[in-house]
Number of protein chains: 2
Amino acid sequence: MPQFASKISNEELEERFKEYLYKHNGKFTHERMAVLRIIYEDDEHLSVDAILQIARDRDLSVSRATVYRTLDLLVQSGLAKKHQFDGHETVFEAALKEGHHDHIVCVDCNKITEFFDGDLERIQNEILSKYGLVMVKHTHQLYGRCIRPNCPEKEALKTR
Amino acid sequence: MPQFASKISNEELEERFKEYLYKHNGKFTHERMAVLRIIYEDDEHLSVDAILQIARDRDLSVSRATVYRTLDLLVQSGLAKKHQFDGHETVFEAALKEGHHDHIVCVDCNKITEFFDGDLERIQNEILSKYGLVMVKHTHQLYGRCIRPNCPEKEALKTR
DNA sequence: ATAGATGCAAAGCATTTGCAGATAT
DNA sequence: ATATCTGCAAATGCTTTGCATCTAT
């Protein structure tokens, strides 16, 4: 189910999280909100360490344990996605920020590129339904190497 | 009780491993051979614990550390594949036993089904080349839920 | 008022590593 | 002969958890 989510406002985001927490007898705390905000305001893929660092930089007090506990909630509520790319640390990404996409990982420079292909999505659903299942989620990563001897992305990455 | 016939003979398998080891100044030991054999003769997806258990059952002496070290070699040499399915322990699979395939995971009963789709493979290569990369490998898992309220596979699994 | 959250430190787990003795080549 | 392995146990790194204390509701 490749749903294209449009950009979501902070209010709606907060609303969604509160709704999920209410349903699960959870409390809406400063710490949880801090993690949610960080994931939605900082692009890219954030590791637990990165999230902790950003929180520290902003003088937001969140412990490592709470970051882990909150990330679980965010993933369960569908507000965040967890990725484990081979040879990389686990990272998290805002789920409602952009449309659905999968990832290309360059094995030379580790650059991660996002892609989306409608045919691919359709075929995946067809395969699943052939086996009598409906899609819950999927994991799809393409690991590649640049055609040129030295990955051309390396330089681009350095200047970021 | 292998469910599929090997595409590769034990001799060729051994040959391939020896060749890899020779190139990398590695030694062909009983322990390494034991792990290779277990992966090729037993069930589809084996965890490290499962491999150790099978080795013990056969009175093959291999330590946990050596199993880990050997699995690294097998993956690097292309003789084994490593899979990390969400919510499952890491498992290893013989790489030259069957043709390439990806996996469907039922989130209800955890049953793992293999699939292959030529269009899917072709499209993936097209996408990568569009970004100037050539495929090294890919990770592709479809997580689904049975259409029927209670996953019909659950019972089948229990009787195994 | 109280169920639930937080931080801390300790515990858990899977995996890796240093080292001394063993072994393939 | 010697470079490489192996087993062991200790170490690592990431994640989870128990508990006493706080806080949202």
Side-chain angles (χ1 to χ4, degrees), chain A residues 14-15 17-39 45-53 55-56 58-77 79-92, chain B residues 14-15 17-39 45-56 58-77 80-92:
Chain A
E14 201 171 304
E15 211 40 60
F17 194 24
K18 277 183 176 165
E19 191 183 323
Y20 174 84
L21 290 172
Y22 181 73
K23 276 188 192 155
H24 294 75
N25 299 315
K27 288 175 180 171
F28 187 73
T29 65
H30 296 304
E31 290 84 355
R32 288 174 175 181
M33 194 57 204
V35 175
L36 180 65
R37 285 248 165 85
I38 287 170
I39 292 225
H45 303 97
L46 297 177
S47 66
V48 170
D49 278 338
I51 292 168
L52 278 167
Q53 189 54 58
R56 257 180 254 119
R58 298 189 192 171
D59 286 316
L60 297 170
S61 156
V62 198
S63 72
R64 181 173 290 270
T66 293
V67 169
Y68 275 105
R69 289 188 276 228
T70 303
L71 286 170
D72 278 349
L73 292 176
L74 293 178
V75 169
Q76 280 164 38
S77 68
L79 293 175
K81 285 186 179 168
K82 179 179 184 173
H83 299 297
Q84 295 181 267
F85 302 122
D86 281 15
H88 291 237
E89 52 188 341
T90 298
V91 290
F92 295 82
Chain B
E14 200 172 305
E15 210 42 59
F17 194 23
K18 278 182 177 167
E19 191 184 324
Y20 174 84
L21 290 171
Y22 180 73
K23 277 188 194 155
H24 294 77
N25 298 316
K27 289 176 179 172
F28 187 74
T29 65
H30 296 303
E31 290 83 356
R32 287 174 176 181
M33 193 58 204
V35 175
L36 180 65
R37 285 247 166 84
I38 287 169
I39 290 227
H45 301 101
L46 296 177
S47 67
V48 170
D49 277 338
I51 292 168
L52 277 167
Q53 189 54 58
I54 293 169
R56 257 180 252 118
R58 298 189 193 171
D59 286 316
L60 297 170
S61 155
V62 198
S63 71
R64 182 173 290 270
T66 294
V67 169
Y68 275 105
R69 289 187 276 228
T70 302
L71 286 170
D72 279 349
L73 292 176
L74 294 178
V75 169
Q76 280 165 36
S77 67
K81 284 186 179 167
K82 179 178 184 174
H83 298 297
Q84 295 180 267
F85 301 122
D86 281 15
H88 291 239
E89 52 189 338
T90 298
V91 291
F92 295 82

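Each chain gets a letter, A, B and so on, in the order its sequence line appears, and its residues count up from 1. Model, not experiment: these values are computed from the prediction.
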Tell me: CG of A/Leu52 to C1' of C/dT6, nearest whole Å?
14 Å
Rounded to the nearest Å, what distance is computed from the CD atom of residue A/Glu89 to the P atom of nucleotide D/dG13?
13 Å
D/dC5 P sits how many Å from B/Asp72 CG, rounded?
13 Å
When rounded to the nearest 0.5 angstrom, what is the spacing between CZ in A/Arg69 and OG in A/Ser63?
6.0 Å
So, is A/Tyr68 near the phosphate of D/dT15, with a side-chain N or O under 4.0 Å from OP1 or OP2?
yes
Hey, does the side chain of B/Arg64 come within less than 4.0 Å of D/dG7's phosphate (OP1/OP2), counting only N and O?
no
Find the distance A/Lys18:NZ to D/dA24:P and express it as a whole number of Å.
12 Å
Quick check on C/dG7: is either OP1 or OP2 less than 4.0 Å from any side-chain nitrogen or oxygen of A/Thr66?
yes
Which nucleotide in D/dC5, D/dG7, D/dT16 has an atom nearest any side-chain atom of B/Val62
D/dG7
May I have the distance from A/Arg32 (atom CZ) to D/dT23 (atom P), rounded to whole angstrom?
15 Å
Using the rule side-chain contact (heavy atoms from CB on, under 4.5 Å), only one of B/Asp72, B/Val48, B/Ile38, B/Asp49 pairs with B/Val67; which is it?
B/Val48
Is the phosphate of D/dT4 approached by B/Arg69 (side-chain N or O, under 4.0 Å from OP1 or OP2)?
no
Closest to side chain of B/Lys27, choosing from D/dG7, D/dT6, C/dT23
C/dT23
Spacing between B/Leu71 atom CG and C/dA14 atom P, to the nearest angstrom
15 Å
Give me the atom names and distance for the closest heavy-atom approach of B/Leu21 to B/Arg32.
CD2-NH1, 3.7 Å
Looking at B/Ser47 and B/Val91, what are the two nearest heavy atoms and their distance?
N-CG1, 4.0 Å
B/Thr29 side chain N/O closer than 4.0 Å to the phosphate oxygens (OP1, OP2) of D/dT4?
no
In whole angstroms, the gap separating P of C/dG4 from OH of A/Tyr22 amounts to 13 Å
Contact summary for B/Ala55 and B/Val62, nearest pair of heavy atoms:
CB-CG2, 4.3 Å
With a cut-off of less than 4.0 Å, is there a side-chain N or O of A/Ser61 near OP1 or OP2 of C/dG7?
yes
Check the phosphate of C/dA24 against B/His30, side-chain N and O only, distance under 4.0 Å to OP1 or OP2. Yes or no?
yes
Select from B/Gly26 and B/Ala65 the residue whose nearest nucleotide in DNA chain D is closer to the 5' end of that strand.
B/Gly26
Whole angstroms only, please: what is the CG-P distance between A/Asn25 and C/dT2?
16 Å
